[in-house]
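Right, one structure below, let's go through it.
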Amino acid sequence: MRRSLIALTAFALATGTVALAGGHGGNPAVKARNAHMSLYSFNLGLLGDMAKGTIDYDAAKATEAASDLAALAAFTQSSYWVEGTAQGDVDGSRAKAEIWSDAAGWAEKMELMKTGSASLAAVAGNGLEALQGGIGDAGAACGACHKAYRGPRN
Amino acid sequence: MLGRIFRWGVFLTLIGLGVYWFITIPKTVSDEQLAGLSSSSEDGEQVFHAAGCASCHAAEKAEGDAKLVLAGGQRFPSPFGTFVAPNISTDTSHGIGGWTQAEFVSAVVQGTSPEGQHYFPAFPYSSYAKMTLQDAVNLHAYMQTLPSDATPNAQHDVAFPFNIRRNIGGWKFLFLSEDWVSDANTPELERGRYLVEALGHCAECHTPRNALGGLDRARWMQGAADPSGKGRIPGITPAQLGWVAADIAEYLKSGFTPEFDTAGGHMVAVVENTAKLPPEDRAAIAAYLLALP
């Protein structure tokens, strides 16, 4: 699991880099963290579609996606949330400067994501109802952090 | 000859002032218009959420039940200056606890204060103008059940000439209209239109404005500059959005887009409100948006 995750991250980072080399411009740290976010979306999306009934529930797939989500949330991510890359500092960034001026608040939101996704990973394979009950906290963690630390669209 | 021109000048100026005086008279809703309406605070709670009063009047960063303490203090930067939301809690000296029903309704649907002055359109009464009087009295009844708070009001920071409240009468004359923007030929579309154009004041953010700050109805919901000066608010016409009804209804409930990104910026507060509406209302909003040109 861990290994496939790392491969996936590397792939996402590589695509980011290729896009960069392709002349889109943009800051590599911003690309990297957005790639991290895309992996969040992809996994949560799979779980969300199962929870809503848009696709059939599959215990093994649900466990995989939720475990990957939890593993991603456990990354330190420090190397790509670097000061000086806030919205307005570099092109394409929507990271609010408060990420760095309010480090404690940011750490709290990272922690919320860790605990929310870990508890989801623990129950996602226990049937559709368990998934539906468990997905709320993980989903709320995304929104809570975006509300506080992500700026408006550029 | 000069004297004659002068007299004509004075005459026309007086007419001009007369017209100005006339069109800028603040309008109010009278007790008689409200007589016979019985109010329900339960129904008022739905109006309160649909209209998003707490999004602006709760303290900055308030969460959960603290959002029901309407202490004011949030700041709204705009090209005309910075407006500060007042205290509209039930406190009788710092809030609006001492207001009559007619005073409250006049403020919300006409933008006129108990002292007979115009409010700035940063308070979206130009949308609430389409609110039914029944909903307005229900809203008043509900808001009287909310906590009181003694936070004093802060001053707006708005420069001349925009700080002259009487001039807002001219703005209202130009832009305050009770006509609907979109046609609605089914009950669901009608409900959606009421929720979007009147209560939800969605256009206040999603429609671009002209130089005088009026909504450009020809570009209804096509997206606009963020009034803070940073970023853009997306357009939500069907072509721009590319979502089906279920996508829109889900977004208004959980905040998740079809790509499983989440709503951001000011839309987060809107979704916190629409999440409290019944599912039929979210479906009606989706139907309205999908019927836009």
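Protein chains get the first letters and strands the later ones, always in sequence-line order, with residue 1 at the start of each.
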- Which one, G139(A), S41(A), S38(A), leads in non-hydrogen pairs under 4.5 Å with chain B?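 The option with the most such pairs is S41(A).
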- Under a 4.5 Å heavy-atom cutoff, which of K52(A), M37(A), Q87(A), R94(A) has the most pairs with chain B?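 Heavy-atom pairs under 4.5 Å are most numerous for K52(A).
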Is the count of non-hydrogen atoms from other residues, nucleotides or ligands lying under 6.0 Å from [X] atom [atom1] greater than 12?
X: D91(A); atom1: CG; result: no
X: K61(A); atom1: NZ; result: no
X: K253(B); atom1: NZ; result: no
X: Q240(B); atom1: CD; result: yes
X: E42(B); atom1: CD; result: no

- Query: Taking C-beta and beyond as the side chain, do R153(A) and P234(B) meet within less than 4.5 Å on heavy atoms?
  - Reply: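 Counting from C-beta outward, R153(A) and P234(B) do come under 4.5 Å.
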- Query: Does the side chain of D261(B) come within less than 4.5 Å of R150(A)'s, by heavy atoms?
  - Reply: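 R150(A) vs D261(B): side chains touch.
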- Message: Only pairs of heavy atoms separated by less than 4.5 Å count here; which of K61(B), H266(B), R232(B) has the most with chain A?
- Response: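 Of the candidates given, the most pairs with chain A belong to R232(B).
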- Would you name the heavy atoms of D49(A) and F260(B) that are closest together and state the gap between them?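 Smallest interatomic distance, heavy atoms only, reads OD1-CE1, 3.8 Å.
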- Message: For a quick test of reading the model, state the closest non-hydrogen atom pair linking C142(A) to F256(B) and the distance between them.
- Response: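 In terms of heavy atoms, the two residues are closest at SG-CZ, 4.2 Å.
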- Item | Spacing of CD belonging to E259(B) relative to CG belonging to L44(A), to within rounding of 0.5 Å |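 So the gap between those two atoms works out to 13.0 Å.
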- Item | Spacing of H146(A) atom NE2 and M267(B) atom CE [to the nearest 0.5 Å] |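 Interatomic distance, H146(A) NE2 to M267(B) CE, rounded to 0.5 Å: 16.0 Å.
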- Task: Evaluate the side-chain contact (heavy atoms from CB on, under 4.5 Å) criterion for residues V271(B) and K147(A): first the C-alpha distance (whole Å), next the side-chain angles of each, then the deciding distance (0.1 Å), finally the verdict.
- Result: CA-CA 11 Å; V271(B) 171; K147(A) 182 177 177 186; over 6 Å; no
